[in-house]
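Data first, discussion second: the structure below is written as structure tokens.
These numbers were taken from a predicted model, which means no experiment stands behind them. Order of the sequence lines fixes the chain letters, A, B, ..., with proteins taken first and strands second; residue numbering starts at 1 for each chain.
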Amino acid sequence: MVAITLPDGSVREYDGAVSGADIAASIGPGLAKAAVIVKIDGVARDLAHLVDCDAAVEIVTRDSDAGLALLRHDCAHVLAQAVQELFPGTQITFGPAIEDGFYYDFHRKEPFSPDDFAAIEERMAQIVDRDETIIREVWTRADATRFFEEAGETFKAEHVAGLPDGVEITLYRQGDWIDLCTGPHLPSTGRLGKSFKLMKLAGAYWRGDPAKPQLQRVYGTCWRTDKELRAYLHRLEEAEKRDHRRLGREMDLFHIQEEAVGSIFWHPKGWTLYRTCETYMRRRLEAGGYDEVKTPQLIDRGLWERSGHWEKFREHMFTVDDEHDRVLALKPMNCPGHVQIFRQGITSYRDLPIRMAEFGSCHRNEPSGALHGLMRVRAFTQDDAHIFCTEDQIVSETKRFCDLLMSIYRDFGFEDVVVKFSDRPEIRTGEDAVWDRAERALVEATDAAGLPYTLNPGEGAFYGPKLEFVLRDTIGREWQCGTLQVDFVLPERLDASYIGEDGAKHRPVMLHRAILGSFERFIGVLIEHYAGRLPLWLAPVQVVVATITSDGDEYAREVAAACKAASLRIECDLRNEKINYKVREHSLAKVPVILVVGRREADERSVAMRRLGGKKQEIVALDDALARLAAEAAMPG
RNA sequence: GCCGCCGUAGCUCAGGGGUAGAGCGCGCCCUUGGUAAGGGCGAGGUCCACAGUUCAAUUCUGUGCGGCGGCACCA
């Protein structure tokens with residue numbers, strides 16, 4: 001007898017060894033049909049896997065997240081089979097499920113083209129129609145290696161050879177096609193369904209290593225039903241509409257052109273948004289006890305050598321020569337400059353902590369392939385600051401920073417912040433005892449700030465542990481903006497010191513920190529987060545006054561002047577166009593408030609106030625409208 | 001940087017070895033209207049750059065530059 005315990009706690013007994021499929025069928029035909037794999041004592045297995053002793057069994061259905069991930073993995077296999085049937089000589093490598101779909105990396109001399117997708121998809125559908133049974137087989141390492149070598153599958157052979165001793169080597173067979181895989185898989189290809197679509201082609205390195213051969217990666221998406229697939233494709237279209245590069249053009253915020261790749265031409269409206277962010281940050285930093293400074297753009301190579309950047313960061317630095325052949329570098333970071341200010345005069349322990357802030361314009365020669373709109377640029381401005389403090393002050397300064405950061409994120413409309421804690425990397429400087437203290441202090445401070453965090457093991461900077469603050473936008477994408485890094489190394493390298501209570505020289509600790517990260521990137525995130533519909537205080541044009549007929553021109557000018565006097569950013573639309581047209585145009589331009597004025601409004605000194613996205617308008621007395629808008633447009637903080 | 005795709009009007013895109021096309025936008029005119037596109041006329045192009053093939057190249061080939069999507073990178 002085999003006793004099977006189901007997730008609801010009920011126990012079923014069977015005469016002998018029983019498969020997951022049998023168990024599902026014994027519970028009900030609906031479950032049998034929806035079942036994709038089973039979990040036996042928590043371990044994922046094929047439905048055909050026989051359970052021969054008492055166990056806890058969970059039937060995983062296609063409706064679950066795990067079930068969907070399985071479908072995607074199977075879809076990758078079906079893709080690989082289709083490709084090998086259509087393009088003999090193509091080698092298979094890996095093909096995992098990923099968010100929203102899957103990919104498979106192939107090796108083939110000739111490039112694939114998106115034009116091949118239709119034929120591949122058709123063949124995939126045929127493989128699903130064939131309903132090939134998927135069979136798990138356990139092979140010896142020698143057999144598997146020989147098999148893949150003889151098949152010309154050098155990547156698979158290499159992978160088998162590299163598997164650790166003692167692991168079970170399993171191959172999955174579907175029809176004539178076979179792949180090395182740990183599984184589990186569907187019982188047959190027919191269970192996959194056809195709600196999949198090949199999406200794009202890309203290059204990828206074998207084992208992620210640029211020194212190794214380049215593979216061709218085919219991305220696909222796969223869902224349970226056609227309805228889900230359509231919904232996903234629709235979601236992609238919506239995401240494209242909030243792409244900051246597109247909105248940047250549509251809203252006339254900025255542009256980039258090929259004579260200045262990686263740098264931003266800010267247009268008046270975009271620069272207004274930028275300056276609003278800057279003014280807000282300056283205010284928050286001042287209130288937060290920071291002193292603002294400005295340090296040189298061009299600094300002699302010697303300082304970068306001393307700071308360690310010349311060694312670690314050389315290929316990202318732009319340099320120029322002066323007439324004495326002296327090499328100057330455009331600063332990629334502000335820290336060495338800040339240390340120079342710190343070093344002027346003598347600092348007492350009584351002066352610490354010193355919080356030195358700079359809206360630091362930096363240049364980094366990013367690889368061309370990394371550039372991406374505002375998100376990844378070569379010229380950017382950080383809301384940078386360095387806190388010079390004692391080791392004892394790390395906790396309180398970190399907590400203080402976390403509080404400021406969360407408060408600022410909230411003002412910008414971000415509530416969902418992921419904190420990642422990166423601890424010591426393999427290659428690092430500094431004694432372990434110092435790392436112990438630094439990591440402990442960071443953890444303690446993060447806890448004190450009440451921030452839950454995830455661990456990023458070994459991802460810290462070489463000089464110290466760090467916190468990364470990742471914003472999640474309205475459609476769930478993550479953007480790393482803020483950071484806090486504990487640094488014991490730079491004060492040493494650049495010989496920063498303070499006089500302690502004991503009258504002796506001591507090294508300060510430096511906390512490198514940023515909240516927005518860079519203005520450019522943060523504005524990109526803001527645009528995408530709000531899909532261009534910025535809150536009133538950030539909107540470059542807050543109010544448009546639009547007339548219905550030219551009779552209203554005079555009153556409209558008066559309204560506009562009153563708005564301006566109330567410090568609202570306003571445009572006045574007196575054009576000879578219909579009100580429908582004006583409303584549509586300013587709505588598409590994402591202007592938050594339209595004040596429509598016609599005869600009636602002029603007579604009663606009111607405005608018809610229309611909110612972006614709203615269906616109705618509200619007649620408000622002019623003075624009330626001004627008071628309300630001015631209050632709403634006030635900068636937070 | 002690597003792989004693939006792409007580069008035609010301000011924008012979105014069609015076209016194709018021999019006077020360059022559409023919609024939107026822009027300008028002018030008509031229209032003075034009540035909350036997401038009123039009508040007419042018109043202007044606007046080094047078809048990314050350079051080289052090659054050709055009687056002839058925006059179109060074909062090569063190289064470069066740039067964009068997009070990934071990969072790698074993100075100190």
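- For R249(A), the listed nucleotide lying nearest its side chain is C11(B); candidates were C26(B), C73(B), C11(B).
- Checked against the 6.0 Å centroid criterion, the rings of F196(A) and W223(A) do not qualify as a close aromatic pair.
- Comparing C71(B), G34(B), A36(B) against the side chain of I579(A) picks out G34(B) as the nearest.
- Residue R245(A) is in sugar-phosphate contact alone, with no base atom involved, counting any heavy-atom pair closer than 4.0 Å across all strands shown.
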>> Let's go through K331(A) and S361(A) carefully: what are the C-alpha distance in whole Å and the side-chain angles of both, what is the deciding distance for side chain to side chain donor-acceptor pair (under 3.5 Å) to 0.1 Å, and is it a yes or a no?
In response: CA-CA 8 Å; K331(A) 68 173 171 181; S361(A) 293; over 6 Å; no
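- As the counterpart of U19(B), no nucleotide is assigned, since no Watson-Crick or G-U wobble pattern has both distances under 3.5 Å.
- In this structure, R610(A) places its CZ atom 15 Å from P of G34(B), rounding to the nearest Å.
- For R376(A), the listed nucleotide lying nearest its side chain is C73(B); candidates were C73(B), G69(B), A36(B).
- Using modelled atom types and a 3.5 Å distance limit, the side chains of D100(A) and Y219(A) yield no donor-acceptor pair.
- Ring geometry for H386(A) versus H512(A): interplanar angle over 60°, hence perpendicular rather than tilted (30 to 60°).
- Among G4(B), C73(B), G33(B), the nucleotide with an atom closest to any side-chain atom of I548(A) is G33(B).
- K466(A) comes within 4.0 angstrom of the backbone, heavy atoms only, and of no base.
- Closest to the Y219(A) side chain, of the nucleotides G70(B), U35(B), A37(B), is G70(B).
- Across all strands, M333(A) comes closer than 4.0 Å to base atoms (heavy-atom distances).
- At a threshold of 4.0 angstrom between heavy atoms, the contacts of A461(A) with the nucleic acid are absent.
- Residue H512(A) is classed as having no contact, given no heavy-atom separation below 4.0 Å to the nucleic acid.
- Side-chain N/O atoms of H372(A) include one lying less than 4.0 angstrom from OP1 or OP2 on G69(B).
- C74(B) atom P lies 12 Å from atom CD of Q480(A), rounded to whole Å.
- Checking R610(A), R628(A), R611(A) one by one against E618(A), the salt bridge (charged side-chain N to carboxylate O under 4.0 Å, His left out) holds for a single residue, R628(A).
- Contact annotation for E601(A): base contact, defined as any heavy-atom pair under 4.0 Å involving a base atom.
- With both pairing distances under 3.5 Å, C74(B) is matched to nothing as a Watson-Crick or G-U wobble pair.
- Between the C1' atom of C3(B) and the OH atom of Y205(A) lies a distance of 7 Å, rounded to the nearest Å.
- Applying the Watson-Crick and G-U wobble criteria (two distances, each under 3.5 Å), A56(B) pairs with nothing in any strand.
- In this structure, the nucleotide among G66(B), G69(B), G4(B) sitting nearest to the side chain of V261(A) is G66(B).
- Counting any heavy atom pair closer than 4.0 Å across all strands shown, L588(A) reaches a base atom.
- Nucleotides U19(B) and G45(B) place their C1' atoms 14 Å apart, quoted to the nearest Å.
- Between A57(B) and G52(B), the distance separating the two P atoms is 11 Å to the nearest Å.
- A cation-pi arrangement is absent between R521(A) and F519(A) under the rule of less than 6.0 angstrom and at most 45 degrees off the ring axis.
- Side chain of N456(A) to main chain of E459(A): no donor-acceptor pair is present (N/O by atom type, distance under 3.5 Å, no hydrogens or angles).
- Mapping Q382(A) and G208(A) onto RNA chain B via the closest heavy atom, the residue that lands nearer the 5' end is G208(A).
- At the phosphate of U32(B), neither OP1 nor OP2 sits under 4.0 Å from any side-chain N or O atom of S550(A).
- Proximity of a side-chain donor or acceptor of D105(A) to a complementary backbone N or O of F94(A) within less than 3.5 Å is not detected.
- Taking atom CD of E366(A) as the reference point, atom C1' of C71(B) lies 16 Å away to the nearest angstrom.
- The distance between atom OH of Y581(A) and atom P of G25(B), rounded to the nearest whole Å, is 5 Å.
- Closest-nucleotide positions on RNA chain B for R600(A) and R575(A) were compared, and the one nearer the 5' end corresponds to R575(A).
- Residue K578(A) is in base contact, counting any heavy-atom pair closer than 4.0 Å across all strands shown.
- Under the Watson-Crick or G-U wobble criterion, with both distances below 3.5 Å, G4(B) is paired with C68(B).
- Anti is the conformation of U54(B), whose glycosidic angle sits further than 90° from 0.
- Closest contact between the side chain of K200(A) and the listed nucleotides A36(B), G69(B), G1(B) involves G69(B).
- Using a 4.0 Å heavy-atom criterion, one finds that A202(A) contacts the bases of the nucleic acid, with or without backbone contacts as well.
- Among the nucleotides G69(B), A36(B), C71(B), the one closest to any side-chain atom of R584(A) is A36(B).
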>> Show, in sequence, the C-alpha distance, side-chain angles and deciding distance for F102(A) and Y104(A), and conclude whether the ring pair (Phe, Tyr, Trp, His ring centres under 6.0 Å) test is met.
In response: CA-CA 7 Å; F102(A) 61 91; Y104(A) 208 107; 8.9 Å; no
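- Considering only side-chain atoms of H316(A), the nucleotide from C73(B), G38(B), G70(B) that sits closest is C73(B).
- As rounded to the nearest Å, C60(B) and A14(B) have P atoms that lie 14 Å from one another.
- One interatomic measurement links the two molecules: NE2 of H267(A) to C1' of G10(B), which rounds to 12 Å at whole-angstrom precision.
- Nucleotide A51(B) has U61(B) as its partner under the Watson-Crick or G-U criteria, with both atom distances under 3.5 Å.
- Distances shorter than 4.0 Å separate none of the side-chain N or O atoms of N580(A) from OP1 or OP2 on U35(B).
- G27(B): Watson-Crick or G-U partner is C41(B), with both key distances under 3.5 Å.
- Atom name P, nucleotides C48(B) and C6(B): the rounded distance is 14 Å, in whole Å.
- One P atom belongs to C3(B), the other to C55(B), and the distance between them is 35 Å to the nearest Å.
- For the pair E258(A) CD and C6(B) P, the computed distance is 18 Å after rounding to whole Å.
- On the C1' atoms, A37(B) is 14 Å away from G33(B), given to the nearest whole Å.
- Comparing A56(B) with G17(B), their C1' atoms sit 7 Å apart, to the nearest whole Å.
- Within 4.0 Å (heavy atoms only), P367(A) reaches at least one base atom of the nucleic acid.
- Judged by the 6.0 Å distance and 45° axis criteria, R301(A) is not positioned over the aromatic ring of W304(A).
- Look at the P atom in both C24(B) and G42(B): the space between them is 15 Å, to the nearest Å.
- For the pair H255(A) NE2 and G67(B) P, the computed distance is 12 Å after rounding to whole Å.
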